[in-house]
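Here the structure comes first, spelled out in structure tokens, and everything after it is commentary.
Predicted model, so just to flag it, every value in this text is computed and none were measured.
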Amino acid sequence: MFFWLFISILVLQRLVELSIAKKNENWMKEQGAIEFGKSHYPWMVLMHIGFLSSLILEVMLNRFVTAPLWPVWLAIFILAQACRIWVIISLGKFWNTKIIVLPESDITAKGPYKYMKHPNYLVVAVEIIVISLLFDAFITGILFTLLNLWMMAVRIPEEENALGNLTRYNTIFQQKSEK
């Protein structure tokens, strides 16, 4: 029962996030924003759907085992969700699941962005590992951690290039690293 409740909440959260992202995408494009990374985005979506599908299959095959350390993994997951909300609030209308850049816009350097460039990607990496550990889905955890690393190796350079060419991104983060 816990597993299905957890998955239902996770799927609902993702659907709400996609709704927020679509609203933000429409607003940004109305302001003249440009989308990047269109070729890899469907693969990223497929990876996330694959993660949930693989998780469900592995947990069912393991007869819905919950890890002995489940309270620890659940606490880390909840902390990651708080960080995800912090990211979304910090970026406001600029938060998206896609790479959409509004030329000459100000770069967010508040919230978790005070401390690192890509906190949302860290949250996703933590989620993949912790959700897998929560339900002893080790194959899913290893496979999708590797797939996520590959995706970030494609996505982060694409995002940084787009931001670097259209905003003061490089200047802002260079100044931050000098402090």
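For P68 against P71, the heavy-atom pair with the smallest separation is O-CD, 3.9 Å. The shortest non-hydrogen separation linking N24 to W95 is ND2-O, 2.9 Å. A pairwise comparison of heavy atoms in N170 and G164 identifies ND2-CA, 3.5 Å as the closest pair. In terms of heavy atoms, G32 sits closest to P103 at O-CD, 3.6 Å. For the residue pair A80 and V123, the shortest heavy atom distance occurs at O-CG1, 3.6 Å. Minimum interatomic distance between K114 and A109 (heavy atoms only, all atoms of both residues): CG-O, 3.2 Å.
With values rounded to the nearest 0.5 angstrom, I7 atom CD1 is found 7.0 Å from I131 atom CD1. Between the OG1 atom in T97 and the NE2 atom in H48 there is a gap of 9.0 Å [rounded to 0.5 Å]. Here the CD1 atom belonging to I85 is positioned 11.5 Å from the OG atom belonging to S90, to the nearest 0.5 angstrom. To the nearest 0.5 Å, atom CG of residue L134 and atom CH2 of residue W70 are 8.5 Å apart. Remark: K98 NZ to M28 CE distance equals 12.0 Å, nearest 0.5 Å. Residue L18 holds its CG atom at 6.5 Å from CG of L15, rounded to the nearest 0.5 Å.
Under the side chain to side chain donor-acceptor pair (under 3.5 Å) criterion, the residue pairs touching residues 57-66 are E58-T140, with sequence neighbours excluded.
Using a 4.0 Å cut-off between charged nitrogen and carboxylate oxygen, K22 and E25 count as a salt-bridge pair. A salt bridge links R14 and E127; the closest N-O separation between the charged side-chain nitrogens and carboxylate oxygens is under 4.0 Å.
L79 and L10 fall into different hydrophobic clusters, defined by Ile, Leu, Val, Met, Phe, Trp and Tyr side-chain heavy atoms under 4.5 Å apart, directly or through other members. Under the 4.5 Å side-chain contact rule for hydrophobic residues, V72 and I129 share a cluster. In the hydrophobic clustering of ILVMFWY residues, with side-chain heavy atoms under 4.5 Å counting as a link, L143 and L61 come out apart. In the hydrophobic clustering of this structure, M151 groups with I156; members are Ile, Leu, Val, Met, Phe, Trp, Tyr whose side-chain heavy atoms approach within less than 4.5 Å, directly or through other members. Note on L146: it does not cluster hydrophobically with I49, by side-chain heavy-atom contacts below 4.5 Å among ILVMFWY residues.
The neighbour count for K29 NZ, taken as heavy atoms of other residues, nucleotides or ligands under 6.0 Å away, is above 12. More than 12 heavy atoms of other shown residues, nucleotides or ligands fall within 6.0 angstrom of atom CG in L57. In this structure, W43 places its CH2 atom where only 12 or fewer heavy-atom neighbours from other residues, nucleotides or ligands lie under 6.0 Å away.
No donor-acceptor distance shorter than 3.5 angstrom exists from the side chain of E159 to the backbone of I99, with no hydrogens or angles considered. Formation of a donor-acceptor pair under 3.5 Å by the S105 side chain with backbone atoms of L102 is found in this model. The backbone N or O of F144 lies less than 3.5 Å from no partner atom in the side chain of N148, so there is not a single donor-acceptor pair. At least one donor-acceptor pair closer than 3.5 Å links the side chain of S132 to the backbone N or O of I128.
You'll find the ring centres of F6 and F135 inside the 6.0 Å limit.
Between I56 and W4 the shortest side-chain heavy-atom distance falls below 4.5 Å. Contact check for I107 versus L163: side-chain heavy atoms found under the 4.5 Å cut-off. When side chains are defined from C-beta on, K93 does not count as touching K23, because their heavy atoms never get closer than 4.5 Å. In this structure, the side chains of V101 and I34 stay at 4.5 Å or more apart for every pair of heavy atoms. Residues L55 and F3 form a side-chain contact, since some pair of their non-hydrogen atoms from C-beta on lies under 4.5 Å apart.
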After noting the C-alpha distance and the side-chain angles of R155 and Y41, does the key distance pass the side-chain hydrogen bond (donor to acceptor under 3.5 Å, both in side chains) rule? CA-CA 9 Å; R155 186 168 174 87; Y41 186 75; over 6 Å; no

Apply the test salt bridge (Lys or Arg N to Asp or Glu O under 4.0 Å) to residues E104 and R168: give CA-CA distance (whole Å), side-chain angles for both, the deciding distance (0.1 Å), then the verdict. CA-CA 7 Å; E104 304 301 320; R168 295 183 53 238; over 6 Å; no

When you look at Y121 and V126, which way does the side-chain contact (heavy atoms from CB on, under 4.5 Å) test go after all the steps? CA-CA 9 Å; Y121 299 144; V126 168; over 6 Å; no

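The aromatic rings of H118 and Y169 lie tilted to each other, with the angle between the two planes from 30° to 60°. Using bins of under 30°, 30° to 60° and over 60° for the plane-to-plane angle, the ring pair W27/F94 lands in the perpendicular bin.
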